[in-house]
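One structure is given below, encoded as structure tokens.
Please read all numbers here as calculations on a predicted model, not as lab measurements.
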Amino acid sequence: MSKKYVYFFSKELTEGNKDLKEALGGKGAALAEMCNLGLSIPSGFTITTEVCSLYHQNKKQFPPGLKEQLEENLDLLEKTLGKKLGEPDDPMLISVRSGAAVSMPGMMDSILNLGLNDLSVAGLAKHSNNERFAYDSYRRFIQMFGDVVLGIDRDKFEDILEEHKSKKGVFHDVELNSEDLKEVVLKYKKLVKEETGDDFPQDFKDQLWSSIAAVFDSWNNERAKTYRRLENITGLPGTAVNVQVMVFGNLGETSGTGVVFSRNASTGKNEFFAEYLMNAQGEDVVAGIRTPRHIDELKKQFPEIYKQLLLVKDILEKHYKDMQDIEFTIQEGELFILQARNGKRTPLAAIKIAMDMAKEGLISKKEAIMRVNPKQLAYLLHPTINEDQKYEAIATGLAASPGSAVGKIVFSPKAAEKRAARGEKVILLRKETSPEDISGMDASQGILTATGGLTSHAAVVARGMGKCCVAGCGDLVMKSKKSCEIAGKIFNE
């Protein structure tokens, strides 16, 4: 009998739990556990971390038995949903996400909206009665697949999108209509042909297997290796792969996506700490592409969803006995939970949360002491701004990771590394950060972004690294860059 490589999870049948974290990764174990708790989780299955290890040991060949197990679980998933992957009339779409046993936010790759091609996108448009949504999903899929699987520089896709928005005189992606997005899709496909010599793949099984391989490959990409080195993460066999039915936050103004922290990740206060975007998919929030809205607005807009989120965060925090970082999607007024993990927090927040949870009886005093990393105590000695003094502020933003920092402005991670290596102190200014910026973030005294919020990638990673980070400072970033241009400075030196 072949070894078990794939574990199914759904409301009706769940094979895993939180104790299988080493095999299923943090994300896969959490998805299974949340199904066991009765929360609303999109169904799917997890390919174990052992498969990643075997894949790399065997020169990027999948182990015997995996294909049959995956096909069996995919068939079960289709029966559970009542749809088939990539069918032309009403396609089931899936995501393919990474998830190691230790949280590595944004360091490995994921693919969303898999199962779309030139036929199924038309079926999705017809069945959803929303052509704009269908082509928005398709252009996102082509861009992610093109970047992660085909190795095409994602900036080339972004340039096409930005050029089209500029031509239309709009600022946000959501301002493009279905005809605009159809044109963007055509240009994306043309780019794929130019870069690879082949048409964008239309066979959804090929899409699936190549995406799984790409996620396993991302275990050894430079940003993942850098993050493991910086966080001293060793001894893991690799990442799991989570294949999960898509739910959509970009179906209009009754749909959205967001991130919840069960406590304030900057200060440690026991307060609801969350952000969201309507008519968006998850990467819009975590990548900081748009500056999200505060959760208080959701309370007014969708009070029932807000109450459900409060209940979910209480259930998960009491179950895991730690502050939770929760990703959610609202699809046409229905709430789905996509992920839960122990949240990254500032050193100050780590100490306060540990003390408060001991006082609340969630954990013992001994556990509270063990949760504070000695390195975090040193971070408490980092400089901060004296709030009793008056200062002339030239701009304000969101205190994503508090503290203070002084340094020369740089506009690229490479520039930050280069100048830091010369002994200079630098501040990294970016429109938004991406996981590829990890080395530059480490080299900088602080990070400042034009867009994004308290739950975006820059904020989460900066908190974990003990770095000062301010988000949503668009005016300052753009003015600084323009000033440097006028002065004849070269940003990327």
Side-chain angles (χ1 to χ4, degrees), residues 3-9 15-34 42 44-63 65-67 69-70 73-74 94-112 114 144-145 147-149 151 207-244 282-283 286-287 325 327 338-344 434-436 438 457 460-461 464:
K3 190 159 187 178
K4 189 170 181 61
Y5 292 133
V6 185
Y7 288 72
F8 194 80
F9 59 86
E15 297 178 308
N17 56 55
K18 64 182 176 63
D19 296 327
L20 294 176
K21 193 172 181 179
E22 287 190 13
L24 303 181
K27 187 175 295 181
L31 289 168
E33 189 72 5
M34 288 190 290
F45 54 86
T46 301
I47 303 170
T48 65
T49 57
E50 183 182 2
V51 176
C52 181
S53 178
L54 293 171
Y55 170 82
H56 288 292
Q57 288 174 27
N58 298 329
K59 299 180 180 178
K60 299 190 177 183
Q61 296 295 313
F62 295 116
L66 177 65
K67 184 177 187 298
Q69 289 186 36
L70 187 142
N73 279 270
L74 182 60
I94 56 177
S95 61
V96 180
R97 298 174 185 264
S98 59
V102 176
S103 177
M104 296 170 54
M107 295 303 128
M108 293 174 292
D109 291 321
S110 297
I111 308 285
L112 305 182
L114 191 148
M144 294 186 86
F145 191 94
D147 171 23
V148 173
V149 180
Q207 294 174 356
L208 177 56
W209 282 105
S210 55
S211 295
I212 292 169
V215 173
F216 284 148
D217 287 339
S218 72
W219 174 252
N220 285 327
N221 67 32
E222 283 306 311
R223 63 181 184 271
K225 289 193 288 188
T226 298
Y227 188 84
R228 291 199 293 274
R229 175 177 56 79
L230 294 174
E231 296 294 315
N232 196 27
I233 298 171
T234 59
L236 299 182
T239 179
V241 170
N242 300 286
V243 177
Q244 193 172 17
E283 71 267 23
V286 296
D325 171 357
E327 293 181 18
L338 303 184
Q339 177 172 306
R341 59 189 173 193
N342 294 340
K344 299 291 184 185
S434 71
E436 285 81 2
I438 182 69
H457 170 266
V460 171
V461 174

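- One distance of note links CG of N73 with CD of E15; it measures 6.5 Å at 0.5 Å rounding.
- In terms of modelled atom types and a separation under 3.5 Å, the side chain of T239 and the main chain of G99 share a donor-acceptor contact.
- In this structure the side chain of W219 reaches within 4.5 angstrom of the side chain of L236, judged on heavy atoms.
- The shortest distance between side-chain heavy atoms of N232 and T234 falls below 4.5 Å.
- To the nearest 0.5 Å, atoms CG (N17) and CG (L31) are separated by 13.0 Å.
- Going from atom CE of M104 over to atom CZ of R228 covers 4.5 Å, rounded to the nearest 0.5 Å.
- Scanning all heavy atoms of the two residues, the minimum distance from A214 to V149 falls at CB-CG2, 3.9 Å.
- With sequence neighbours left out, the salt bridge (charged side-chain N to carboxylate O under 4.0 Å, His left out) criterion links D217 to K60.
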**Request:** For the pair M107 and I438, evaluate side-chain contact (heavy atoms from CB on, under 4.5 Å) and give the outcome as yes or no after the intermediate values.
**Result:** CA-CA 9 Å; M107 295 303 128; I438 182 69; 4.2 Å; yes

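- To the nearest 0.5 Å, atom NZ of residue K3 and atom CG of residue L66 are 13.0 Å apart.
- Among all heavy-atom pairs drawn from A29 and L24, the shortest one is N-CB, 3.7 Å.
- Taking CZ of F62 as the reference point, atom CG of L70 lies at 9.0 Å (rounded to 0.5 Å).
- Using a 4.5 Å heavy-atom threshold, the side chains of Q244 and F9 count as touching.
- Neither side chain, T226 nor E222, offers a donor N or O lying under 3.5 Å from an acceptor on the other.
- Annotation for G28 and T46: closest pair CA-OG1, 3.7 Å, computed over non-hydrogen atoms.
- Within the 4.5 Å cutoff, the side chain of V6 has no heavy atoms near those of the T48 side chain.
- At distances below 3.5 Å, not a single donor-acceptor pair connects side-chain atoms of Q207 with backbone N or O atoms of L114.
- Atom NZ of K67 has 12 or fewer heavy atoms from other residues, nucleotides or ligands within 6.0 Å.
- Across A23 and A240, no two heavy atoms sit closer than the pair O-CB, 4.3 Å.
- Closest of all the heavy-atom pairs between N242 and S98 is ND2-O, 3.7 Å.
- Residues V96 and I212 meet the side-chain proximity criterion, which asks for heavy atoms closer than 4.5 Å.
- When the salt bridge (charged side-chain N to carboxylate O under 4.0 Å, His left out) test is applied to R223, the partners found at least two apart in sequence or on another chain are D109, E436.
- For E231, the side-chain contact (heavy atoms from CB on, under 4.5 Å) partners two or more places apart in sequence, or in a different chain, are Y227, I233, M465.
- Between N342 and D325, the closest side-chain pair of non-hydrogen atoms is not below 4.5 Å.
- Minimum interatomic distance between M108 and A224 (heavy atoms only, all atoms of both residues): CG-CB, 4.2 Å.
- Side-chain atoms of S110 and S95, non-hydrogen and from C-beta on, never get closer than 4.5 Å to each other.
- Atom CZ of residue R341 and atom CD of residue E327 lie 5.5 Å apart, to the nearest 0.5 angstrom.
- Residues L112 and M144 meet the side-chain proximity criterion, which asks for heavy atoms closer than 4.5 Å.
- Using bins of under 30°, 30° to 60° and over 60° for the plane-to-plane angle, the ring pair F216/Y55 lands in the tilted bin.
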